[in-house]
Amino acid sequence: MEFIESLKKKFGERCSTEEEVLKMYWRDYWPLAIMNESLGKDGEYPIAVIWPEYTEEVLEVVKLANKYGFKIVPYGGGSGVTGAALGAGAVVMDLRRMNKIISLNEEDLTVTVEAGMYLKELEEKLNREGYTLRHIPQSYPEAVIGGLISTFSIGQYSTKYGGIEDIVLNMEVVTPYGEVTWLRRNTVPRSAAGPDLKMLFMGGEGQFGIVTKAVLRIYPLPKYIWMNSYIFKDFIEANFAVRQLLKTGAIPAVVRIYDKEDSNVRFNIDGNVMLVILEDNNEKLHNATIEVVSDILASLGGEEIGNKYVEKWLENRFDIISEITKFLIPMNMWFDTIETVVTWSRLDKLYWAFKKEVAEVEGVLPVLAHSSHFYLNGACIYFTMIYEKNEEVYWNMWEKAMKVILDNGGSISHHHGVGRLKGRWIKDEILGGYNIIKKIKSALDSRNILGSGGWI
Amino acid sequence: MTNRYSYQYYQKRFQSFSEAPCLYCPGNCITSCPTFTQTRNTLYSPLGYTRSLDIAVDKCLKCWRCTFSCPVEYPLSILVERAAERCREKCFGYVIIKDGGKYLVGELEYVNRMKVFSEKVGLGIVALDYVSSLENRDSSVSMEEKDMIGYSPEVSFLLGVPHYTEVIYEFTGNLDITIKLHLPCLLLPRETEILSSLEKTGVTVEEIVKDVCIRIENTGEKLKDLYTLCPRALETGAKLLDDLLIQLIGT
Ligand code: SF4
Ligand code: SF4
């Protein structure tokens with residue numbers, strides 16, 4: 001193929017068509033894809049992988065793609081769980097050689113980075129300077145900045161520090177029609193100069209442009225940290241206790257509430273366990289928040305059980321592989337997680353409907369649930385699914401789950417994005433918004449060169 | 001002897017896996033792998049090495065960094081060694097170079113360096129005549145009971161004995177110096193022990209570099225003022241801490 005030759009000429013060793021390499025880039029961390037791979041059924045491989053080092057190189061490839069009509073799949077840590085970065089038949093553009101910190105501005109509290117930088121590498125460097133992004137998702141060790149933006153990520157500290165949309169202040173993108181631009185000339189905390197275009201790339205899954213640089217908000221590392229855990233008799237009541245905290249203005253950095261089944265598996269405890277972490281940089285404020293939080297949680301039925309459960313969580317929070325190797329593989333079972341977000345008034349109904357109806361799908365084990373991101377208006381519930389290692393069971397489970405969520409007022413995605421997995425339900429959620437997105441896509445990318453084509 | 005830091009500990013762990021967990025893992029350890037961070041190519045990471053063992057044999061450094069940052073402590077280096085089938089022919093023997101109460105033990109190639117060092121601190125010397133493979137330690141030798149202190153990271157790890165920096169305070173007075181230290185791959189899990197021992201002997205570590213394997217990343221600017229504990233890095237022009245200590249001890 002002629003364009004492969006041009007890519008090879010241009011990129012030299014930074015372009016590979018070797019089978020062993022292509023094998024590593026056909027999927028992301030979509031559980032169905034891993035399951036199939038483990039059964040010896042790899043999906044279609046990409047035709048090449050390239051590693052650009054500068055924005056200009058990204059642009060050149062986009063121009064070539066327009067000329068020859070090949071597809072580009074931007075690729076970061078490969079830790080997305082929805083199949084939004086499947087490489088099938090495309091040129092996978094691995095952005096991880098673009099991994100420099102361009103500048104750290106301590107006065108404005110911003111850091112400018114290239115999009116292929118690992119979150120972990122960035123956070124560790126910031127920590128050494130006394131700062132933090134406080135964006136710590138479970139994929140912390142594997143995710144890169146561009147991927148976090150493109151999947152609309154959120155971290156475990158979101159209740160206080162927000163999601164990726166609150167962290168990204170500005171970005172540089174390469175558009176599918178072949179232009180490089182920053183989204184704003186000056187980085188500013190907020191602007192009403194037109195619609196906020198960064199939102200097109202939040203959750204854009206590489207379909208509207210390739211994010212190459214970003215300016216991110218940083219926080220001073222918290223000086224005062226307090227943690228505690230509580231048991232509640234009822235999962236929903238525990239959630240409502242957090243609503244009460246937020247209404248009061250006592251905002252925890254982390255709150256996680258595990259329902260009975262989840263608490264049992266995770267902590268070997270009978271009851272609904274709530275973990276709380278408070279973080280502050282001012283002692284008076286910190287002490288006052290501790291007092292308010294302790295009072296409210298106690299008055300709403302929380303029984304204090306000390307911080308060892310928080311410590312246990314902190315220790316294991318990025319570990320996915322232990323349980324897979326210890327339980328799932330020997331039992332020939334498989335896993336997935338389904339996250340939703342719902343307003344307070346519908347939380348109760350959605351939770352119970354999901355627990356009952358999805359667990360009734362043949363081949364699916366009892367559902368574990370925890371809530372982990374809280375808003376003044378509602379909360380995110382995260383269901384952990386264990387099921388027979390079988391593709392039919394998998395899709396039956398998802399069909400049911402998406403129906404229950406949509407019928408009960410939830411969103412099909414709180415922070416995992418859409419991808420191949422949820423593409424078939426996106427219209428049911430965003431209604432006519434889907435047509436808007438489609439038109440934007442065809443205007444920007446008339447040759448359809450960008451993204452793995454998951455859902456538009 | 002800290003079992004957790006020894007090759008034997010990981011050998012046992014290795015046996016508990018029927019297949020490499022990396023086949024299912026998103027790569028928790030990926031930023032710790034020097035061949036990956038240099039190339040940013042997934043093939044040259046544990047995720048790739050477990051799927052393409054031939055390439056692993058060729059490229060993996062067996063630096064053990066992935067194991068130390070893996071949630072299940074998977075000893076990938078052993079898998080790679082087995083794939084290379086080096087283990088069968090290679091083992092090693094002990095040679096006592098100098099008697100003493102406690103012994104400094106290291107590879108034969110470093111015997112001259114060890115001599116100078118042990119002279120200063122009053123230790124016996126044992127040389128190992130082969131350790132480039134960590135597989136298949138010859139357990140019939142009778143050095144087990146001897147009180148050993150490792151000279152190199154490899155030997156400390158292989159035998160599960162303290163590295164000399166972990167016990168240096170027992171042999172020196174206050175050295176009163178401030179340094180920048182490079183911590184080599186195999187000593188990563190012992191950071192706390194090493195730092196506290198150095199502190200006790202008056203060596204203040206003002207900066208510690210541990211995210212670089214200097215065997216593959218050129219020493220450049222970043223490593224210019226560093227002292228390392230990895231004698232294999234001598235080839236890259238790195239400075240060894242024991243050279244500095246030799247000058248300071250007893251002066
Ligand atoms: S060594 Fe551990 S962390 Fe690294 S890929 Fe393998 S299982 Fe995952
Ligand atoms: S032993 Fe070192 S080079 Fe080999 S996979 Fe692990 S971290 Fe990478």
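Order of the sequence lines sets the chain letters (A, B, ...), proteins ahead of strands, with each chain counted from 1. The basis for the numbers below is simple: all heavy atoms, side chains too, and nothing from hydrogens, waters or symmetry mates.
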Review point. Among B:Pro26, B:Pro71, B:Cys25, B:Cys70, which residue forms the greatest number of heavy-atom pairs with chain A at distances under 4.5 Å?
Key: B:Pro26
Review point. So which part of A:Ile329 gets closer than 4.5 Å to some heavy atom of chain B, the side chain, the backbone, both or neither?
Key: side chain
**Study point:** Nearest heavy-atom neighbours spanning B:Pro21 and A:Ile321
**Key:** O-CD1, 3.2 Å
Check your understanding: Do you know the tightest heavy-atom contact between A:Val21 and B:Leu43?
Key -> CG2-CD2, 3.5 Å
Practice item. Would you mind checking which part of B:Ile30 comes under 4.5 Å of any heavy atom in chain A, side chain (CB onward), backbone (N, CA, C, O), both or neither? Key: side chain
Review point. Pairs in or reaching into residues 181-208 of chain B: which pass ring-ring contact (aromatic ring centres under 6.0 Å, His included), with residues at least two apart or in two chains?
Key: none
Can you check whether chain A and chain B share any donor-acceptor pairs under 3.5 Å, and give the atom names and distances if they do?
| from | atom 1 | to | atom 2 | distance (Å) |
| --- | --- | --- | --- | --- |
| B:Tyr24 | O | A:Tyr29 | OH | 2.7 |
| B:Asn28 | ND2 | A:Phe318 | O | 2.8 |
| B:Thr39 | O | A:Arg97 | NH1 | 3.0 |
| B:Arg40 | O | A:Trp51 | NE1 | 2.8 |
| B:Arg40 | NH1 | A:Glu121 | OE1 | 3.1 |
| B:Arg40 | NH2 | A:Glu121 | OE1 | 3.4 |
| B:Arg40 | NH2 | A:Glu121 | OE2 | 3.2 |
| B:Thr42 | N | A:Tyr25 | OH | 3.1 |
| B:Thr42 | OG1 | A:Tyr25 | OH | 3.2 |
| B:Thr42 | OG1 | A:Arg96 | NH2 | 2.6 |
| B:Arg51 | NE | A:Glu37 | OE2 | 3.4 |
| B:Arg51 | NH2 | A:Glu37 | OE2 | 2.8 |

Review point. Does CD in B:Glu170 sit with more than 12 non-hydrogen atoms of other residues, nucleotides or ligands closer than 6.0 Å?
Key: yes
